[in-house]
Protein chains: 2
Amino acid sequence: MKELHDPDLLEHYIQTYEIEPMLNKELLPYLTLYRYDHGELICSQGDPYENLFLLVKGKLKIFNTSPEGKTLILSFKTPLDVVGDIEYVKVTDFINTVEAVSEVHMIAIHHRWLKKFASDHTPFLKFLLKMITEKFYVKSSSLSFNLLYPVEVRFASYLLSVCFDESDALYSGKLSTSHLMDAANLIGTSYRHLNRVIQHLSSEGLVERHKGFIVVKNRDGLSKLANHRNIYE
Amino acid sequence: MKELHDPDLLEHYIQTYEIEPMLNKELLPYLTLYRYDHGELICSQGDPYENLFLLVKGKLKIFNTSPEGKTLILSFKTPLDVVGDIEYVKVTDFINTVEAVSEVHMIAIHHRWLKKFASDHTPFLKFLLKMITEKFYVKSSSLSFNLLYPVEVRFASYLLSVCFDESDALYSGKLSTSHLMDAANLIGTSYRHLNRVIQHLSSEGLVERHKGFIVVKNRDGLSKLANHRNIYE
DNA sequence: GGTTGGGAAGGACATATGTCCCAGATGGAA
DNA sequence: TTCCATCTGGGACATATGTCCTTCCCAACC
């Protein structure tokens with residue numbers, strides 16, 4: 001983690017994501033820009049709550065480790081998104097662990113200033129409300145989807161979401177095998193079983209295994225299998 | 001559904017649940033009190049969004065029917081709770097179906113007046129934010145719990161939540177068999193499998209089957225099995 | 001009393017998923 | 001080159017769960 005003393009870059013992000021209108025003017029001097037490298041942790045479950053973060057560049061992985069030691073990925077995030085919003089409203093320690101998947105830039109706002117300047121600021125409240133409502137909706141759909149459909153269907157949906165995105169390092173229609181473990185943890189299954197499912201999809205001609213990655217061969221077929229639902233966004 | 005023209009009762013609920021401080025004063029004349037009987041639907045998935053409801057008496061069941069026709073119960077609600085908050089923020093039709101489990105009283109506020117009087121009202125925004133954040137948190141825990149643990153563990157948690165509550169028609173430590181189908185739909189499993197699990201719990205001496213209901217015999221054992229987590233609140 | 005209908009429990013079998021472990025590939029270090 | 005660590009895929013077996021259908025019980029009705 002490294003603080004970036006670059007007012008121009010900060011200003012650039014503020015413009016790009018229209019952050020200023022939602023914050024109280026007096027808060028602006030207290031914004032800090034941080035950089036995290038691939039693999040770095042932004043926070044761990046149980047850490048005391050100090051900052052609200054706005055993700056403005058890169059990709060985050062939000063996960064959680066159960067008492068039994070199993071890792072469950074709750075979501076991936078891309079700009080613009082918020083980290084620490086739930087903790088801010090509930091006034092609790094960090095609930096999950098947040099890791100940088102790529103190089104990440106985040107704007108941090110210390111809760112001291114939030115409380116002082118933004119706790120009654122209508123645009124800020126509305127912003128939080130929108131973000132959290134959307135998160136709730138996604139989570140709720142996701143819960144239903146998980147309870148209702150087997151891993152095969154969920155993985156089909158996952159593939160469609162992840163492979164056809166302009167985001168980093170993922171060529172269109174391909175999924176690197178090194179991400180399979182992540183996929184399993186996100187879907188909530190074992191690596192072993194995910195492999196089995198891939199084998200099956202492969203035998204149906206929907207995907208193909210190659211050395212180092214998986215290719216989607218039949219996008220429509222996958223979409224049909226996934227009931228046309230893109231849960232993993 | 002029946003409108004209750006009872007200003008005193010309405011006032012009573014407003015006092016009891018401290019509803020006034022969170023609403024804009026100008027909104028107060030536009031509150032309507034409705035009564036629903038056991039089994040009545042308050043709204044169905046796809047219905048156009050018209051009212052925000054505040055549950056002030058009774059118990060609600062929120063559920064959803066998948067394209068395949070499977071019913072999944074998302075939650076039960078008791079006062080004070082909100083129905084239509086997500087729809088209000090997202091400006092969409094009703095997402096789920098809401099049914100009265102007992103006699104229910106709800107305060108309705110038409111979205112026309114909400115938009116006019118409350119959309120920038122800080123206490124109201126804060127109230128929504130708190131409610132939705134809590135819902136998100138519960139949903140998120142629930143998702144992890146469902147992905148991580150088998151039906152047996154989830155049912156143990158469910159039993160502990162439901163059976164040791166002062167709420168209607170549920171004697172302490174007992175669960176009526178007629179509610180088993182609901183339980184299965186809430187946990188996201190089949191009635192058949194739930195029976196199997198009950199059989200198993202019974203053979204371990206944790207619960208006992210009687211005609212018409214199930215009794216918890218070993219609360220601590222169940223709690224241990226459920227990892228001390230009360231997901232179903 | 002006999003009949004019938006519905007609800008509740010469970011048997012039989014298929015499928016989904018988890019766990020443990022092994023084998024082959026790969027790439028860097030000795 | 002040889003060896004070792006690691007990554008990746010998959011075999012074997014146990015467990016979890018779904019589906020379909022049968023049996024049993026009891027209440028209501030003729």
Side-chain angles (χ1 to χ4, degrees), chain A residues 39 65-73 143-159 174-204 206-215 225-227, chain B residues 39 66-73 143-158 174-204 206-215 225-227:
Chain A
T65 306
S66 76
E68 293 80 9
K70 283 194 202 171
T71 299
L72 188 65
I73 296 182
L143 176 59
S144 308
F145 198 65
N146 276 296
L147 287 178
L148 247 23
Y149 303 103
V151 170
E152 182 167 278
V153 176
R154 288 183 260 156
F155 184 62
S157 173
Y158 175 81
L159 268 183
K174 297 188 186 178
L175 177 66
S176 159
T177 47
S178 60
H179 294 155
L180 279 187
M181 198 64 196
D182 271 359
N185 286 333
L186 181 63
I187 291 173
T189 189
S190 61
Y191 175 76
R192 175 66 191 94
H193 188 59
L194 188 57
N195 260 319
R196 201 158 15 210
V197 165
I198 291 170
Q199 230 174 324
H200 185 234
L201 292 180
S202 178
S203 79
E204 310 252 299
L206 296 173
V207 306
E208 234 174 52
R209 262 208 137 100
H210 290 258
K211 203 166 56 175
F213 58 91
I214 291 165
V215 196
L225 178 61
N227 298 293
Chain B
S66 76
E68 292 82 9
K70 283 194 202 171
T71 298
L72 188 64
I73 297 183
L143 176 58
S144 307
F145 198 64
N146 275 296
L147 287 178
L148 248 22
Y149 303 102
V151 169
E152 181 167 278
V153 176
R154 288 182 258 155
F155 184 62
S157 173
Y158 175 81
K174 297 188 185 178
L175 177 66
S176 158
T177 46
S178 61
H179 294 156
L180 278 187
M181 198 64 195
D182 272 359
N185 286 334
L186 181 63
I187 292 174
T189 189
S190 60
Y191 176 75
R192 174 67 190 92
H193 188 59
L194 188 57
N195 260 319
R196 200 158 14 208
V197 165
I198 290 170
Q199 228 174 324
H200 185 235
L201 292 181
S202 178
S203 79
E204 308 253 302
L206 295 173
V207 305
E208 233 172 53
R209 263 211 135 99
H210 290 259
K211 204 166 55 177
F213 57 92
I214 291 164
V215 196
L225 179 61
N227 298 291

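Everything quoted here is computed from the prediction, not taken from an experiment. Throughout, a chain's letter reflects where its sequence line sits, starting with A, and its residues are numbered from 1.
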Fill in: Rounded distance in Å - CG (A/L148) to C1' (D/dG18)
13 Å
Worksheet item: For D/dC26, does OP1 or OP2 lie under 4.0 Å from any side-chain N or O of B/K211?
Response: yes
Practice prompt. Starting at atom NE2 of B/H179, determine the distance to atom C1' of C/dA9, rounded to an integer number of angstrom.
Written response: 18 Å
Response to the item:
To the nearest angstrom, the NE2-C1' distance between B/H200 and D/dA14 comes to 14 Å
Discussion item. I'd like to check A/I214 versus A/L201 (side-chain heavy atoms, cut-off strictly below 4.5 Å). Are they in contact?
Written reply: no
Worksheet item: Given side chains that start at C-beta, do those of B/V197 and B/H200 come closer than 4.5 Å, heavy atoms only?
Response: no
Worksheet item: Roughly how many Å is it from CD1 in B/I198 to C1' in D/dT17, rounded to a whole number?
Response: 15 Å
Discussion item. From C-beta outward on A/H193, which listed nucleotide comes closest to its side chain: D/dC20, D/dT17, C/dG18?
Written reply: C/dG18
Worksheet item: In whole angstroms, how far is the P atom of C/dA25 from the CZ atom of A/R209?
Response: 15 Å
Worksheet item: Tell me: CZ of B/R192 to C1' of C/dG10, nearest whole Å?
Response: 5 Å
Discussion item. I want to verify a distance call: between D/dG10, D/dT17, C/dA9, whose nearest atom is closest to the B/T177 side chain?
Written reply: C/dA9
Worksheet, complete the sentence: Against the side chain of A/P150, the closest entry in C/dG10, C/dA9, C/dT17 is C/dT17
Item to complete: Report the distance from atom OH of A/Y149 to atom C1' of C/dA16, rounded to the nearest whole Å.
Response: 16 Å
Fill in: Gap separating the CG atom of A/L225 from the CD atom of A/E204, nearest 0.5 angstrom
8.5 Å
Item to complete: For the pair B/R154 (side chain) and B/Y149 (backbone), establish whether a donor and an acceptor sit closer than 3.5 Å, ignoring hydrogens and angles.
Response: yes
Response to the item:
Side-chain contact check for B/Q199: nearest option of C/dT19, C/dG18, C/dG10 is C/dG10
Discussion item. Tell me whether the side-chain N/O atoms of A/S178 come closer than 4.0 Å to OP1 or OP2 in D/dT8.
Written reply: no
Item to complete: Could you state the atom-to-atom distance from CG of A/D182 to C1' of D/dT8 in whole Å?
Response: 15 Å
Discussion item. Among C/dG11, D/dT17, C/dT17, which nucleotide has an atom closest to any side-chain atom of B/V151?
Written reply: D/dT17
Response to the item:
One should read off an interatomic distance between A/I187 CD1 and A/L72 CG, to the nearest 0.5 angstrom, of 11.0 Å
Response to the item:
Among C/dG10, C/dG18, D/dG18, the one nearest any side-chain atom of B/R196 is D/dG18
Item to complete: Look at the side-chain N and O atoms of A/Y191 and state whether any lies under 4.0 Å from the OP1 or OP2 oxygen of D/dG9.
Response: yes
Item to complete: Look at all strands and tell whether B/S190 reaches a base, only sugar-phosphate, or nothing, counting heavy atoms closer than 4.0 Å.
Response: base
